Structure formats: C-alpha cells, structure tokens
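Right, one structure below, let's go through it.
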Amino acid sequence: MTRLCAAAVAFVLGLAAAGLSACSGGPLAPEAERFGPSPALPVPSSRLLPLVRIAPARGWAEGQVPTPAAGLQVQAFALGLEHPRWL
C-alpha cells in the first residue's frame with residue numbers, strides 16, 4: 001500500500017511540475033518593438049491545451065461611455081445587468 005501511495009504522490013507531483021513549467025510566457029520584447037506599424041511578432045506555439053486570456057468584464061462607469069470613432073456615437077443597449085456580457 002505504501003508503494004502505491006508513493007507512486008501516486010510522485011505521479012501527481014510530476015503532473016504538477018509539468019503543468020507549471022508550461023505556464024511560462026517567456027520574456028517580452030522591448031515595448032518599442034511590440035507596438036507600431038510593424039511590430040516584431042512572437043513565434044507561434046502549439047500547446048496541448050490552448051492558452052486563453054479572457055479580458056475581465058467591466059461595465060461602464062456612471063455617466064461615461066467609450067470614445068467612438070469620428071462621426072459615430074455610442075449608446076447603452078442594456079443597463080443594470082449582473083454581468084456586463086450577459087443579456
């Protein structure tokens with residue numbers, strides 16, 4: 001029974017170490033190289049589980065709206081929602 005427990009613990013620790021090592025995003029290029037008309041793009045990477053970065057949902061502050069492009073206007077479609085992205 002102890003060998004089985006030790007093997008299970010080793011397996012779980014190995015999975016945790018593999019998972020944590022996959023989380024490294026690597027160093028970023030200097031800001032001047034990441035923005036502008038021709039930014040240096042990172043090399044695409046393929047992963048077993050894709051990395052998804054979801055922006056936090058926030059509603060508009062009272063009396064504020066996003067700044068639209070010239071000639072356009074912005075209006076609220078729905079107000080008072082529990083979550084700004086759910087209807």
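The shown structure was predicted, so the numbers you read here are calculated from the model rather than taken from an experiment.
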- Task: List in chain and number order the residues that pass side-chain contact (heavy atoms from CB on, under 4.5 Å) with Leu13, two or more places apart in sequence or in another chain; answer none if no residue qualifies.
- Result: Val9
- Item | All side-chain contact (heavy atoms from CB on, under 4.5 Å) counterparts of Pro66, not counting sequence neighbours | Trp60, Val74
- Quick one: hydrophobic cluster around Leu41, which other residues, with the 4.5 Å side-chain cut-off, linked directly or via members? none
- Item | For Leu72, side-chain contact (heavy atoms from CB on, under 4.5 Å) partners two or more places apart | Pro68, Ala69
- Could you tell me which non-hydrogen atom of Pro39 sits nearest to which non-hydrogen atom of Gly36, and how far apart they are? CD-O, 3.4 Å
- Message: Is it the case that atom CZ in Phe11 sees more than 12 heavy atoms from other parts of the structure closer than 6.0 Å?
- Response: no
